[in-house]
Chemist: 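Please see the structure below; I have some questions.
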Amino acid sequence: MLLIHCPYCDEQRAEIEFAYAGEAHIARPPDPSALSDEDWSRYLFIRSNPRGRHHERWRHIHGCGRFFNAVRDTVTDTFEATYKAGEPRR
Amino acid sequence: MSGFRLDRGGRVDRTRPIGFSFDGATYRGFAGDTLASALLANGVMLFGRSFKYHRPRGLLGAGSEEPNALISVSRGPGRHTPNQRATAIEIYEGLTATSQNRWPSLKTDLGAINDRLGMFLPAGFYNKTFMWPRSFWDKLYEPLIRRAAGLGEAPSEEDPDHYGATYAHCDLLIVGAGPAGIDAALEASGTAKRVILIDEQDEPGGGALDDPALWSWLSESLKDLAAAPNVTMLSRTTAFGYYHDNFIGAVERLTDHSAEIGSGPREKLWRIRAAEVILAQGAIERPLVFAGNDVPGVMLASAARTYLHRYAVAVGRSVAVMAAQDSGWRDAFAHARAGVNIAAIVEVRETVTPALLDEAQALGIAVQLGHSVIEVHGRHAVKDVTTARNDGTAVNRLTCDALLMAGGWTPSVHLWSHSKGTLAWDEALGAYVPDRANENVRCVGACSGTWNFGSGMVIDRLPTPRNQAKIKAFVDFQNDVTAKDIDLAVREGFKSIEHIKRYTTTGMATDQGKTSNLNGLQIASKALGRHATEVGLTTFRPPYTPQTFGALAGHAQGALFQPIRKTPIDGWAEENGAVFELVAQWRRARYFPQAGEDMHAAVNRECRAVRSAVGIFDASTLGKIEVVGPDAAEFLNRMYTNPWKALEPGRCRYGLLLREDGFITDDGVSARLARDRFHLTTTTGGAARVLNMMEDYLQTEWPELDVWLTSTTEQWAVIALQGPLARQVLEPLVEGIDLSPEAFPHMAIREGTICGVPTRLFRVSFTGELGFEINVPAAYGRALWERLMDVGAAFGITPYGTEAMHVLRAEKGFVIVGQDTDGTVTPDDAGLDWAVGKKKSDFVGKRSLSRPDIVAEGRKQLVGLLTDDPAVVLEEGAQIVADPDQPIPMTMIGHVTSAYWSEALGRSIALALVAGGRQRMGEVLYVPMPGTVISTKVSGTVFYDPEGARLNG
Amino acid sequence: MTRFSAFSLFAKALGGHQSWPEQWPDASPKPGYDAIIVGAGGHGLGAAYYLAKKYGITNVAVIEKGWLGGGNTGRNTTIIRSNYLYDESAHLYDHALKLWDGLSQELNYNTMYSKRGVMMLAHNVHDVQSFKRHIHANRLNGVDNEWLTAEQAKEYCPPLSISPDARHPVLGAALQRRGGTARHDSVAWGYARAAAALGVDIIQNCAATGIRRGANGAVEGVETERGFIASKRVGVSAAGHSSVIMQMAGLDFPLESYPLQALVSEPVKPVFPCVVMSNTVHAYMSQSDKGELVIGAGTDQYVSYSQRGALHIVEHTLAAICEIFPIFRRMRMLRSWGGIVDVTPDRSPILGKTPVPGLYVNCGWGTGGFKATPGAADLLAYTMAKDEPHPINAPYNLDRFRTGRLIDEAAAAAVAH
């Protein structure tokens with residue numbers, strides 16, 4: 001069970017308090033109707049799924065309830081950083 | 001008989017004799033004995049039969065590494081536990097143990113025929129045969145293989161015991177209370193650290209228990225630790241797995257060692273998060289590989305020393321030692337000093353340090369340097385052994401009744417490896433040792449590989465003049481893997497250690513290769529002509545030793561497996577005979593049968609009541625979200641398909657929620673209480689999902705919106721009052737709300753009080769009748785329900801359950817998300833296009849609705865179905881075809897999503913998703929059922945009161 | 001190839017088993033091949049076998065970064081069934097099921113396919129509706145799947161608890177009698193041996209490091225740790241690592257890789273006659289021929305390549321098993337492990353051509369790839385040989401994510417009201 005730092009609570013807490021929420025920094029297009037089917041399907045479905053540094057979102061669902069971003073190595077599962085939603089990509 | 005109890009010494013309590021039985025015979029041991037030591041003291045050498053060849057087996061070890069002596073323990077109904085190690089079973093008065101994998105008895109086992117046929121059963125034999133004739137596999141071969149496999153018998157009754165679980169946090173976790181672990185704990189005891197010290201045995205001490213010279217140090221140290229307030233000591237606790245971020249799973253055994261089971265849990269799961277971990281798990285001795293190394297009485301030298309010192313049991317009256325290591329010599333000396341005759345030390349090395357030779361001479365022990373045991377005589381016990389010089393000459397017999405093996409030491413790096421710490425090869429040890437840590441952990445003592453193990457020789461198997469291909473020299477004792485099996489695997493092209501392991505099953509037995517992995521690696525390395533590190537290392541997988549399912553399940557058993565959610569009115573329903581159904585995490589009253597009624601009759605009666613008088617329904621499970629803030633309407637407008645900004649306070653609207661891929665995920669009627677406040681409802685199962693989805697968009701996509709979301713599902717009890725007389729029941733109880741149709745039309749909300757309790761009163765209908773949904777604070781739910789029942793009695797008020805609710809809504813063609821839709825259905829598919837705001841430029845999922853396949857012709861659309869025979873109710877899930885005479889596989893064009901007997905219409909009705917359904921009005925379609933075909937006609941989805949007159953009444 | 005039979009076993013035994021040949025040679029890469037398969041699991045080895053056997057393309061290499069069969073092939077719970085809802089799925093998995101039958105004889109390698117039946121438990125009204133929908137659809141598709149009452153389910157699997165007081169009582173079950181299990185390692189080894197006998201090179205310890213494309217964009221070969229290997233046809237069958245390989249060719253794929261854990265108990269005498277699955281309590285179980293109870297868990301929640309899962313997943317899985325089978329509460333977990341499963345947005349595989357000419361893919365099997373092994377292998381081989389998909393795998397194209405023509409079995413079983 002991972003140990004995750006919530007940047008809002010500023011606490012290291014157990015993974016069971018958190019819900020994984022997929023890859024981070026995939027903003028919803030401001031005007032989806034302007035997108036081609038191809039581009040819209042990229043937004044919906046294409047994920048980087050890297051071996052290594054992964055930007056991802058978590059929600060402290062059994063805590064403050066906030067969504068935040070994290071950088072985690074998907075090979076070691078080690079967190080490099082967690083930071084608040086809206087902050088620039090690390 | 002060979003083993004016996006010494007007159008003095010040991011840590012057993014000779015003042016507390018204990019009676020127990022093994023395979024029906026009764027024996028006596030002492031408190032502090034394991035089943036292994038107690039039986040050995042009684043001269044029992046035969047403990048079990050091996051997995052494949054059913055060879056007689058005795059003890060190899062003295063601890064959790066034991067591969068051979070697997071025992072079943074039964075202590076009353078449901079308390080049968082197979083495959084326990086005799087070396088880890090503490091005896092108690094009345095312990096009833098039996099051997100396994102033998103028939104009819106341990107001494108005479110017919111399965112031993114496999115041993116004679118062994119030449120035809122090499123590794124992987126089953127891949128090569130049992131293929132002809134093909135039809136014999138299912139009926140004959142596989143059942144035979146299955147029956148031959150397995151060890152003990154599984155339990156056959158429900159376990160009456162219960163199990164506990166807890167979390168623990170500490171600054172320092174020490175695994176292993178041997179000398180190294182205790183030293184680490186003593187050092188930390190003087191600090192402010194919270195320390196947990198875990199040990200798998202009944203008594204802490206580890207290797208110190210085998211060395212009387214350390215006993216006074218041990219008792220002083222344990223006293224100090226007991227006095228240290230910051231140190232928690234857990235005995236009989238196995239740290240079995242090392243997970244991410246210093247999270248360690250451990251199981252504490254609480255009752256298995258005790259004659260009294262008591263009422264407490266049998267075992268307890270500890271989930272420990274440690275800032276720092278010290279592993280002090282020691283090392284395990286390796287057997288030597290030679291013909292007959294599995295005869296009962298051949299065991300690890302270190303195990304014999306444990307029996308000698310800790311239990312005061314000699315493993316034989318005349319003991320020979322087969323050594324490749326100095327430690328074997330020291331174990332021989334210990335036996336000699338304790339008065340046990342040492343027949344000889346047979347040493348495979350040509351030379352050893354003079355000090356060992358001197359000591360042997362002083363103790364009068366014969367020594368054969370440069371020799372190996374080449375054969376062990378005796379089937380159920382060692383009778384004597386044959387030794388030879390390493391060049392095959394000087395063959396002679398050596399009389400002895402036990403043979404000790406000292407093949408070297410394997411540091412226990414299991415948990416280290418679970419933690420993904422790397423390993424390095426130690427050439428001198430012939431073993432992997434911890435290298436780089438991946439977590440905040442370090443190894444101390446023998447498991448670190450830095451212990452003073454003495455010198456020795458790493459050898460894959462002992463030299464023998466006999467044909468290695470013809471002898472059974474065991475590597476994995478439990479799984480009966482021999483050196484020649486590994487040779488065969490290599491010969492057949494299995495070159496990675498993982499392949500060799502899987503092909504031969506070496507290391508895959510219940511001891512997970514604790515004594516066999518390294519010997520297997522050496523043999524493979526030799527056969528391949530590659531260095532061990534090029535052959536690889538098998539992965540260590542949790543658990544370290546097998547752990548009870550029940551303990552891992554912990555408290556999550558029975559009602560606690562998953563808490564069941566109940567509404568405030570659930571108790572009333574139960575008292576009034578409701579039959580319940582499970583919906584998501586809730587249980588809901590499905591119907592309320594009266595005497596003699598089946599479900600059909602009850603539901604018909606409930607439906608009649610709603611259509612003709614008034615019904616009352618517990619809708620409290622509906623998900624509820626309070627949406628508050630200046631941008632609340634804007635937010636909902638972006639989330640839902642329909643427009644929200646123009647909705648006036650006091651009015652309700654049906655909301656349809658899509659996923660971004662365009663498919664329906666939820667729906668519900670929501671009300672605007674004020675410009676900046678909405679009361680949303682969701683489906684029962686969707687509440688958490690919807691809230692999470694809304695929070696996601698609000699927090700991460702549109703953080704500029706000033707909106708707050710609060711789950712209020714449990715805050716409100718919701719009572720639906722439905723039927724033409726609903727208003728009459730309600731009117732006398734409500735204050736501050738004008739219930740007249742003009743003042744309070746359909747799809748409106750009013751706030752006021754009912755029976756003096758604040759209420760949010762919805763005028764909505766999921767039945768097609770005049771209807772209200774009364775929201776009151778949950779604590780008043782049941783009281784209000786009972787009051788409504790009292791007042792409504794005069795009007796024939798009838799409680800109805802989810803089944804009648806389903807019928808009533810289906811008569812009106814109202815969909816249930818998740819039943820009439822299935823995650824692949826768009827608003828248009830479901831006939832809900834009217835709920836999609838055509839002028840809205842965007843909402844969640846809108847873009848997906850114009851994808852090519854979504855706008856394509858022929859999508860499945862929700863329609864009604866009316867069977868030609870009105871008495872026939874279709875089966876939900878039944879498939880629909882246009883041509884019933886086509887051969888299989890048929891072209892299916894849809895399926896029935898809902899189907900009921902409609903009491904109001906006096907016939908069956910159904911909803912179905914049918915390809916191009918809305919273009920098929922009036923068309924005859926077919927539902928092929930086993931043995932019959934039901935013909936049915938496509939209709940609209942609204943079967944009852946299509947104008948909605950009743951609902952607006 | 002030395003034929004395996006009771007006779008050859010007997011004959012070799014008399015010679016102390018000294019003369020068994022290698023089951024497959026440990027090949028080194030040649031400069032080029034007519035086709036390369038990336039990934040030597042059951043799917044990849046099988047594809048090579050069918051390329052050689054059915055389509056006459058024998059100059060084939062299968063390259064593998066580790067040891068063959070060491071990925072999900074050797075880590076799954078070996079369940080085989082085909083009772084899927086949608087036509088596309090039923091056709092795909094039943095194609096595989098038909099190939100499972102007789103595979104041992106075809107490969108001359110006992111894969112121990114055991115038709116002991118797969119039973120899926122219904123615990124609530126919604127499950128019943130959903131399973132009946134499957135059963136009806138399967139019947140009309142010619143796929144066996146039948147409804148059992150709770151009592152019939154218990155008769156079929158005596159350890160099952162059908163207590164009405166259970167937290168999730170059993171209301172009935174869907175049984176596919178042709179479903180069952182097979183021995184996972186033997187499948188990989190059997191295909192490897194049979195493919196090698198037809199001339200296929202199986203090259204282990206040879207990780208792909210790049211996909212080389214020519215000026216026209218088409219595939220020219222695979223860069224590996226052991227040098228460049230040329231081929232105009234490359235099939236990727238790399239399970240959890242598929243998206244990493246596809247990125248080497250410049251393709252982004254709708255895949256995410258999650259840890260999936262499984263575990264076994266200590267072996268016991270035969271006690272569990274079939275496979276039982278429960279989606280509602282979330283666990284599945286069978287008993288291996290060796291006697292171990294083989295138990296599947298759910299995925300961990302986050303993307304990972306660590307092959308390391310969390311304890312709470314195992315806790316939950318065993319709690320679920322103890323709920324359905326309370327007599328096993330005293331059984332003990334012997335071993336647990338993790339694999340990496342590649343999951344698509346609709347949880348159905350992607351099997352066919354890619355936008356890169358000459359590059360083919362077979363991925364996205366999520367938690368259910370083992371059962372499809374022979375079918376997926378055959379269809380990948382067909383697609384590579386003909387440069388066009390077989391009608392069975394045509395729907396499993398990449399374009400469905402653009403058009404919205406998803407094949408979403410999981411959504412179809414969606415939780416409701």
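The figures that follow rest on heavy atoms only: side chains count, while hydrogens, waters and symmetry mates do not. All chains are named by letter (A, B, ...) in the order of the sequence lines, taking the proteins before the strands, and each is independently numbered beginning at 1.
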Chemist: Say whether C:Tyr396 and C:Asn362, considering side chains only, have a donor N or O and an acceptor N or O under 3.5 Å apart.
Modeler: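 Their side chains do not contain a donor-acceptor pair, so the 3.5 Å distance test is not met.
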
Chemist: What part of C:Leu406 is in contact with chain A, defined as an atom under 4.5 angstrom from a non-hydrogen atom: side chain, backbone, both or neither?
Modeler: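 For C:Leu406, the contact with chain A is made by the side chain alone.
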
Chemist: Given the options A:Met1, A:Arg51, A:His54, A:Glu38, which has more heavy-atom pairs under 4.5 Å with chain C than any of the others?
Modeler: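 Most pairs with chain C among the choices: A:Arg51.
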
Chemist: Examine whether an atom of A:Leu2 lies under 4.5 Å from a heavy atom of chain C, and if so say whether it belongs to the side chain, the backbone or both; otherwise answer neither.
Modeler: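 The answer is the side chain of A:Leu2.
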
Chemist: Please identify, among C:Arg402, C:Gln301, C:Arg308, the residue contributing the most non-hydrogen atom pairs under 4.5 Å to chain A.
Modeler: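 That would be C:Gln301.
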
Chemist: With a 6.0 Å cut-off (strictly less than), is the heavy-atom count around CZ of C:Arg335, excluding the residue itself, greater than 12?
Modeler: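 Count over threshold, so yes.
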
Chemist: Look at the side chain of C:Asp252 and the backbone N and O of A:Ile46, then say whether any donor-acceptor pair between them is shorter than 3.5 Å.
Modeler: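 Flag not set: sc C:Asp252 to bb A:Ile46 has no pair under 3.5 Å.
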
Chemist: Mind ranking C:Ser306, C:Ala310, C:Pro259, C:Gly309 by heavy-atom pairs under 4.5 Å with chain A and telling me who comes out on top?
Modeler: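 That would be C:Ser306.
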
Chemist: In terms of ring plane angle, is the pair C:Tyr258 and A:Tyr20 parallel, tilted or perpendicular, where the classes change at 30° and 60°?
Modeler: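 Ring orientation, 0 to 90° scale: perpendicular.
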
Chemist: With a 4.5 angstrom heavy-atom cut-off, could you sort out which part of C:Gln247 is near chain A: side chain, backbone, both or neither?
Modeler: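 Side chain of C:Gln247 only, per the 4.5 Å heavy-atom cut-off to chain A.
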
Chemist: Could you tell me which portion of C:Phe401 (side chain, backbone, both or neither) has an atom closer than 4.5 angstrom to a non-hydrogen atom of chain A?
Modeler: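 C:Phe401 touches chain A through backbone and side-chain heavy atoms alike.
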
Chemist: With no hydrogens and no angle check, do the side chains of C:Tyr284 and C:Asn279 hold a donor and an acceptor under 3.5 Å apart?
Modeler: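 Side chains of C:Tyr284 and C:Asn279: no pair found under 3.5 Å.
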
Chemist: If I measure from the heavy atoms of chain C, does A:Trp40 come under 4.5 Å with its side chain, its backbone, both, or neither?
Modeler: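 Interface part for A:Trp40: neither.
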
Chemist: What option among A:Glu56, A:Arg42, A:Glu23, A:Arg72 has the most heavy-atom pairs under 4.5 Å with chain C?
Modeler: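 Looking at each of A:Glu56, A:Arg42, A:Glu23, A:Arg72 in turn, A:Arg72 comes out on top.
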
Chemist: Could you tell me which of A:Asp37, A:Leu44, A:Asp77 has the largest number of non-hydrogen atom pairs under 4.5 Å with chain C?
Modeler: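 Max contact count across the listed options: A:Asp77.
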
Chemist: Parallel, tilted or perpendicular: which fits the ring planes of A:His60 and A:Phe18, with parallel below 30° and perpendicular above 60°?
Modeler: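 The rings of A:His60 and A:Phe18 lie parallel, inter-plane angle below 30°.
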
Chemist: When rounded to the nearest 0.5 angstrom, what is the spacing between CG in C:Asp346 and CD in C:Glu409?
Modeler: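 Rounded to the nearest 0.5 Å, the CG-CD separation comes out at 9.5 Å.
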
Chemist: Looking at C:His282, I'd like to know if its NE2 atom is crowded, meaning that more than 12 non-hydrogen atoms belonging to other residues, nucleotides or ligands lie closer than 6.0 Å.
Modeler: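 Not buried by this count: 12 neighbours or fewer within 6.0 Å.
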
Chemist: Check whether C:Val303 gets within reach of chain A through its side chain, its backbone, both or neither, counting any heavy atom under 4.5 Å.
Modeler: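 Interface part for C:Val303: both.
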
